[in-house]
Amino acid sequence: MSLRSPLGKVLGAGAAKQGVHHWWMQRLTSVALVPLSIWFVVSLLSLPSFDHASVVAWMRQSWTALFLILFVLTCTWHSQLGVRVVVEDYVHGAGARTVTLVSVTFAHTLIGAAGVFAVLKVAFGAAP
Amino acid sequence: MPPRPLSPHLSVYKFRYTLTTSILNRFTGVGLSVGLLLLVYWLMAVASGAHAQARASRLLSLPVMKLVYAALIMAFCYHLSAGIRHLVWDTGRGLERAQAQRSAWLVVGVSIALMLLVGYCAWLAGARAP
């Protein structure tokens with residue numbers, strides 16, 4: 001016996017009205033993060049020093065800047081999708097849940113934008 | 001609303017170690033989100049100049065931060081291994097009970113080996129840092 005309505009079957013969107021979009025983006029970002037995160041850890045730990053000059057020289061390399069931006073954005077997206085599920089599972093009450101989800105989304109947008117801004121600022125030579 | 005089947009809840013399941021590997025993936029994921037916050041804080045400090053970075057470094061190089069970095073390294077290694085296990089599951093493979101129990105131990109083994117490797121490299125990098 002199927003509990004799905006004919007319209008529900010056609011739309012395939014489920015109770016969240018999003019279909020498999022959330023699930024699929026979580027997988028897509030996971031696959032992307034396997035090489036990106038390994039690159040990030042190896043690259044960070046290969047730095048000769050963590051003083052300003054060394055870090056700036058590292059971030060000003062075009063490929064480093066590009067991969068850092070991709071890494072920060074993919075991490076932010078993946079984190080937002082993951083934390084969202086945790087909130088949906090453990091925060092009860094429509095009001096509290098909505099406020100938490102909105103805060104989580106705003107916080108992640110801020111983190112993602114700040115990360116990209118910081119990398120671009122250094123990469124374009126604008127860091128003092 | 002028509003009565004709908006309720007998906008099994010935490011308290012319904014009998015404890016199994018495979019359950020630990022699942023909840024750990026979630027814990028480490030949330031932990032790594034905090035790590036992302038630290039990373040972006042550091043990147044913003046670098047972008048704000050040598051003075052700002054030196055100020056941030058005072059916080060980021062506190063002795064207690066060594067524990068935070070160790071925890072982040074452990075979380076990263078575990079989440080990476082367990083995440084790859086999930087991606088394999090998504091292809092429909094390895095879902096039998098015996099296979100899932102084997103892969104649980106495999107994930108624990110691989111992530112501990114990774115933790116030791118990354119931890120050693122991080123310790124070397126920390127020793128190089130001022």
Side-chain angles (χ1 to χ4, degrees), chain A residues 3 5 15 23-24 26-27 29-31 33-34 37-38 40-42 44-56 58-59 68-69 71-72 75-76 78-83 85-87 89-90 104 107-108 110-124 126-128, chain B residues 2-5 7 9-10 25-54 56-57 60-61 72-73 76-77 79-84 86-87 89-91 114 117-126 128-130:
Chain A
L3 288 165
S5 67
W23 185 91
W24 178 244
Q26 185 103 63
R27 267 68 195 170
T29 49
S30 315
V31 172
L33 278 172
V34 174
S37 61
I38 293 174
F40 172 73
V41 169
V42 170
L44 188 73
L45 294 184
S46 317
L47 278 177
S49 153
F50 292 99
D51 63 29
H52 192 249
S54 315
V55 177
V56 165
W58 175 62
M59 282 168 71
L68 262 183
I69 289 172
F71 177 67
V72 167
C75 265
T76 310
H78 186 82
S79 166
Q80 193 269 338
L81 292 168
V83 173
V85 176
V86 175
V87 171
D89 280 356
Y90 300 121
V104 162
H108 277 93
L110 181 70
I111 292 171
V116 172
F117 169 78
V119 175
L120 286 178
K121 186 175 172 188
V122 175
F124 291 148
Chain B
R4 286 180 184 275
S7 89
H9 197 258
L10 272 184
N25 198 39
R26 189 166 265 206
F27 275 141
T28 51
V30 173
L32 288 169
S33 297
V34 178
L36 176 64
L37 200 65
L38 278 180
L39 169 66
V40 170
Y41 169 69
W42 180 65
L43 289 175
M44 282 299 273
V46 174
S48 306
H51 268 297
Q53 194 192 338
S57 283
L60 294 174
S61 57
L72 283 174
I73 288 170
F76 168 72
C77 296
H79 201 77
L80 179 66
S81 326
I84 291 173
H86 269 278
L87 288 173
W89 277 341
D90 290 337
T91 68
L114 266 179
L117 177 71
V118 179
Y120 178 66
C121 295
W123 180 74
L124 286 182
R128 280 199 305 274

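If you're wondering where the values come from, they're calculated on a predicted model, not measured in any experiment.
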Quiz prompt | Under 4.5 Å from a heavy atom of chain B, the part of Val41(A) involved | solution = side chain
Self-check item: Residue part contacting chain A, namely of Val46(B), when any heavy atom lies under 4.5 Å
Solution: both
Practice problem: Using non-hydrogen atoms and a 4.5 Å limit, figure out which bit of Leu43(B) sits close to chain A: side chain, backbone, both or neither. | Solution: both
Quiz item: Where does the angle between the aromatic ring planes of His79(B) and His78(A) fall among parallel (under 30°), tilted (30 to 60°) and perpendicular (over 60°)?
Solution: perpendicular
Self-check item: Any side-chain heavy-atom pair of Leu45(A) and Val118(B) under 4.5 Å
Solution: yes
Practice problem: Please state whether the side chain, the backbone, both or neither of Tyr41(B) comes within less than 4.5 Å of a heavy atom of chain A. | Solution: neither
Self-check item: Interchain contact, Phe40(A) with chain B, by part (heavy-atom threshold 4.5 Å)
Solution: side chain
Self-check item: Proximity breakdown for Ser54(A) and chain B, heavy-atom pairs closer than 4.5 Å
Solution: neither
Exercise. Show your working on side-chain contact (heavy atoms from CB on, under 4.5 Å) between Trp42(B) and Val55(A) and close with a plain yes or no.
Key: CA-CA 10 Å; Trp42(B) 180 65; Val55(A) 177; 3.7 Å; yes
Practice problem: Select one option (side chain, backbone, both, neither) describing which atoms of Val83(A) are under 4.5 Å from chain B's heavy atoms. | Solution: side chain
Practice problem: Just give me the residue among Ser37(A), Gly112(A), Ser30(A) that pairs up with chain B most often, heavy atom to heavy atom, under 4.5 Å. | Solution: Ser37(A)
Self-check item: Distance, nearest 0.5 Å, that separates NE2 of His51(B) from NE2 of His52(A)
Solution: 10.5 Å
Self-check item: Nearest heavy-atom neighbours spanning Ala47(B) and Pro128(A)
Solution: O-CD, 3.5 Å
Exercise. Applying side-chain contact (heavy atoms from CB on, under 4.5 Å), run through Leu110(A) and Val40(B) and close with a yes or a no.
Key: CA-CA 10 Å; Leu110(A) 181 70; Val40(B) 170; over 6 Å; no
Quiz prompt | Top of Leu39(B), Leu32(B), Ile73(B) for chain A proximity - count of heavy-atom pairs under 4.5 angstrom | solution = Leu39(B)
Exercise. Kindly give the heavy-atom pair with the smallest separation between Gln53(B) and Asp51(A), and that separation in Å.
Key: NE2-C, 4.0 Å
Quiz prompt | Taking every non-hydrogen atom, the tightest pair across Ser79(A) and Ser33(B) | solution = OG-OG, 2.8 Å
Exercise. For Trp24(A), look at atom CH2 and say whether over 12 heavy atoms of other residues, nucleotides or ligands are found less than 6.0 Å away.
Key: no
Quiz item: Who wins among Gly29(B), Ala50(B), Ser61(B) for the most heavy-atom pairs under 4.5 Å with chain A?
Solution: Ala50(B)
Exercise. Please state whether the side chain, the backbone, both or neither of Leu44(A) comes within less than 4.5 Å of a heavy atom of chain B.
Key: side chain
